[in-house]
Student: 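Below are the structure tokens for one structure; questions will follow.
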Amino acid sequence: MVSHSLMNWRNLSAAAALPFLAASLAAQNVSYSNPYTISTLAGTPGSAGYVDSTQGSNASFSDPAGVAYDSSGDIYVADTNNYVIREVTPSGAVSTVAGTGTMGEQNGAALAAQFGPVYGIARDSQGNLYVSDWVTSAGTSAVVRKISGGMVTTLATGLDQPEGLTVDSSGNVYVADVGDFTIRKITPSGAVSVYAGTLGEAGYAMGAPGTGQFGAPTSVAIDANGNLYVADCGNSSIIKVNSSGIMSVYSGTPNNPVSQDGTLASATYSHPAGIAIDGSGNLYVIDDESLVREISAAGTVSTLAGVPGVFGELDGAGPNAEFNFAAAIGGIAATAGGDLAIADTSSDTIRTGVLLAAAPPIIQHQPTGESVNNGGTAILSVAASGANLTYQWEFNDGVSTVPIAGATSPNLTLQNIGANQGGTYSVVVTDASGSTTSNAATITVLSDAWFKNVSTLANVGTGANVLDAGFVLGGTGSKPMLVRGAGPTLATNFGLSNVLANPVLTLYDANNNTIAANTGWNNSTTLSAAFTATGAFAYDANSADSALLQTLASGRYSATVSGVNNTTGTAIVEVYDDNLSDTSEQLINISSRALVTPSASLTAGFIIGGSTPMTVLVRGVGPALSGYDVSNALANTTLTVNNATNQAVVASNTSWGGSTSLSDMFTKVGAFSLPAGSADSAVVVTLPPGSYSATVTPADGKSSGVALVEVYEIQ
């Protein structure tokens, strides 16, 4: 038995095929006058395996070869290296109908039977399946097996290398026995004879059985009049065998392995491997390991899909499709109406082909979203198959989808992008057959705004009424942060009275573990340099104010300011980003808690850096704290956000009112919920770069209690 690997006349990789492609396209006349649209029905390109699945993309095959249709559109597959027969429904569901997946020669119940490598498959009008099987486990010759009524039997033995086969209306099976260079006929009783060609003799001669010669007959198809058509891979020809077994050249020229379309007489073929026929007498040929071609009943040869010498797994129409057939193998079957089933052997997939007019464009490469800095450039691209394609890009901002004026090419370039251009983009691709909309690609516009500084000014009490500030450092790394607790300098520099004389600053991690503490900054030159670098106001030399310069990993922290020996007074807690050039970790939130009285408000300050606006959520929480074991929570709050430069009121709120939009925003930023209708306050406001303050006061002007002020960046 001749090794099948000797039939690999060409084994070009995609890279090696490029020079060949350039030359072949210039030299060959390939016509796509009747292009087909190719789609992958089952299997994953290049992922060989043995998996049945109700979803085609989850199933796998291993070098599928022969295919055959039934009247329902189901496709039967000779799965060569899995040693099984598979069934694929029109929806792509894949199941095994015969074989165990283990090589052998066992007949009997279909799912208990064993096959060798199976290459060809055919189905008769009664629903019986015939399979060419290269059984080797006991060293026997290849055979043709029959699957009928759920049972597997051996129909005929004594063949060499049977590949494609077909069945006539009387139940006779015709087999392309490539190893013996003949077409065999097997009667329903199993009698085997040479129907065409000369046993054991390769060549190129037309004539009666015993005188005619084939080069390497790999596949056969039969028409309604009993004429056989043979894909003679070795002679680059399509041979016709009449009902008397007489051979004649139907199309092609030996020793001229070039794929060229035209008339029957002028057309040539490279290495035709598979052949099928439809109800109108049109022939379909797998050629050149990369093409599907048609020989119409009128005698015109054209290319339906693929490009000579280009190997791949792309779906698409006509020249936009790519195949990767193995040399001398490639199963094809046709319905009466001309729809195609294709075993793309080296891609391990089952593919279908239909007339281009029956399907709209196919998106071959979907646009891919990206994140881009504000003011940067984003580029979206799409690749689609079809003729005379038009494009229209669309934008969805989360509310509605609108076409983009002038965006009518495969590529969309968004220059100097702004925050209002963040959203999803898709493109509608249209041709004469219809329209296809691509997947949505999300463009995220990254704001360059950040909190340069957050601070809180409040009265520092004792016990639970000390000044307690929380903050969040976003990102995944770490960076130095300047944390300060000031009292005395507030009096000398800003004229505040009743300041905290000796503030104690303590920094905690998210688990309430102490990271560092300070009382009196000791006129540190390192700290003084950090004050200057961050723009923090200077401390009085040798003052009792406190400060820490600490490298912190991304996460949640809190800083408390209390008085030495439980002293009280007004103080400020501040957090500064000490490395503004590093934007991978940034302050994204501050929340400070302190006692609020009619004469002592709670004020959080924050500075927005960058060049673009930032949207923030600001809350003044009092009543809701009662649910968190705060016994003396402020009963009602008024929240006021001011521009710190000119003291203009930016936004204010008393009682947030249970707003759904605000509640959704609480969830988005990770803030705890507020009871609907509570007297807590909240606002969402978009602010340009600058300095701002958020102040919480008693709404009734007379209550006292603990309150919380929070500022969140909304990303």
Side-chain angles (χ1 to χ4, degrees), residues 29-38 67-71 73 75 122-125 164-170 172 174 176 183 195-196 206 217-233 235-253 259-270 272-288 291-306 317-318 321 330-342 352-359:
N29 178 19
V30 180
S31 168
Y32 297 94
S33 58
N34 191 30
Y36 266 49
T37 297
I38 304 300
V67 286
Y69 269 116
D70 69 10
S71 58
I75 301 168
R123 185 180 181 275
D124 66 18
S125 60
L165 38 76
T166 190
V167 189
D168 68 15
S169 58
S170 299
N172 297 302
Y174 300 87
I183 304 301
Y195 188 70
M206 303 300 105
T218 56
S219 185
V220 289
I222 192 166
D223 67 15
N225 298 317
N227 298 305
L228 284 176
Y229 299 88
V230 182
D232 189 351
C233 193
N235 282 319
S236 303
S237 301
I238 306 301
I239 306 300
K240 181 178 179 179
V241 182
N242 68 17
S243 57
S244 299
I246 306 299
M247 297 167 54
S248 62
V249 177
Y250 188 64
S251 186
T253 303
S259 300
Q260 178 171 297
D261 293 335
T263 64
L264 285 178
S266 65
T268 58
Y269 307 83
S270 179
I275 193 166
I277 193 166
D278 67 15
S280 299
N282 302 304
L283 290 169
Y284 302 91
V285 179
I286 288 176
D287 186 25
D288 190 45
L291 300 177
V292 175
R293 304 175 71 190
E294 179 186 34
I295 306 173
S296 74
T300 300
V301 181
S302 63
T303 298
L304 302 185
I332 190 167
T335 65
D339 291 342
L340 303 179
I342 302 164
T352 58
V354 297
L355 280 172
L356 173 62

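Heavy atoms only: backbone and side chains are in, while hydrogens, waters and symmetry mates are out. Just so it is clear, the structure is predicted and the values come from calculations on it, not from any experiment.
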Student: Between Ile275 and Val230, is any pair of side-chain heavy atoms under 4.5 Å apart?
Tutor: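 A side-chain contact under 4.5 Å is absent here.
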Student: Just so I know, are the side chains of Ile295 and Tyr229 near enough to count as touching, which here means a heavy-atom distance under 4.5 Å?
Tutor: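 With C-beta onward as the side chain, the pair stays apart.
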Student: Can you check whether Val67 reaches Ile342 side chain to side chain, under 4.5 Å on heavy atoms?
Tutor: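 They are not in contact (no side-chain heavy atoms under 4.5 Å apart), so the answer is no.
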Student: Partners of Asp261 by salt bridge (Lys or Arg N to Asp or Glu O under 4.0 Å), sequence neighbours excluded?
Tutor: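 If we apply the salt bridge (Lys or Arg N to Asp or Glu O under 4.0 Å) test to Asp261, skipping adjacent residues, the hits are Arg293.
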Student: Would you mind reporting whether Tyr195 and Leu228 have side-chain heavy atoms less than 4.5 Å apart?
Tutor: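 Side chain of Leu228 against side chain of Tyr195, heavy atoms only: contact under 4.5 Å found.
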Student: Measure from the side-chain N and O atoms of Asn282 to the backbone N and O of Ala297, and report whether any donor-acceptor pair falls under 3.5 Å.
Tutor: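 Yes, because the side chain of Asn282 sits within donor-acceptor range (under 3.5 Å) of the backbone of Ala297.
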Student: Quick check: closest heavy atoms across Val220 and Gly164, and the distance to 0.1 Å?
Tutor: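 Distance-wise, the nearest heavy atoms are CG2-O, 3.8 Å.
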Student: Compare every heavy atom of Val354 with every heavy atom of Asp339, then report the nearest pair and how far apart it is.
Tutor: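 Closest approach of Asp339 to Val354, heavy atoms only: OD1-CG1, 3.6 Å.
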Student: If we check side-chain hydrogen bond (donor to acceptor under 3.5 Å, both in side chains) with Tyr269, which of these qualifies: Ser251, Ser259, Ser236?
Tutor: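 Passing option: Ser251.
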Student: Please lay out, stage by stage, how Leu304 and Leu340 fare under the test side chain to side chain contact (heavy atoms under 4.5 Å, CB included).
Tutor: CA-CA 11 Å; Leu304 302 185; Leu340 303 179; 4.1 Å; yes
Student: Report the residues that fulfil ring-ring contact (aromatic ring centres under 6.0 Å, His included) with Tyr69, sequence neighbours left out, ordered by chain and then residue number.
Tutor: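 Per chain and number, Tyr69 pairs via ring-ring contact (aromatic ring centres under 6.0 Å, His included) with no residue.
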Student: Got Val292 and Tyr36 here, is their nearest side-chain heavy-atom distance under 4.5 Å?
Tutor: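 Counting from C-beta outward, Val292 and Tyr36 never come under 4.5 Å.
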Student: Starting from the C-alpha separation in whole Å, work towards a yes-or-no answer on side chain to side chain contact (heavy atoms under 4.5 Å, CB included) for Ile277 and Ile222.
Tutor: CA-CA 7 Å; Ile277 193 166; Ile222 192 166; 5.8 Å; no
Student: For residues Ile239 and Ile183, determine if any side-chain heavy atom of one lies less than 4.5 Å from a side-chain heavy atom of the other.
Tutor: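 A side-chain contact under 4.5 Å is absent here.
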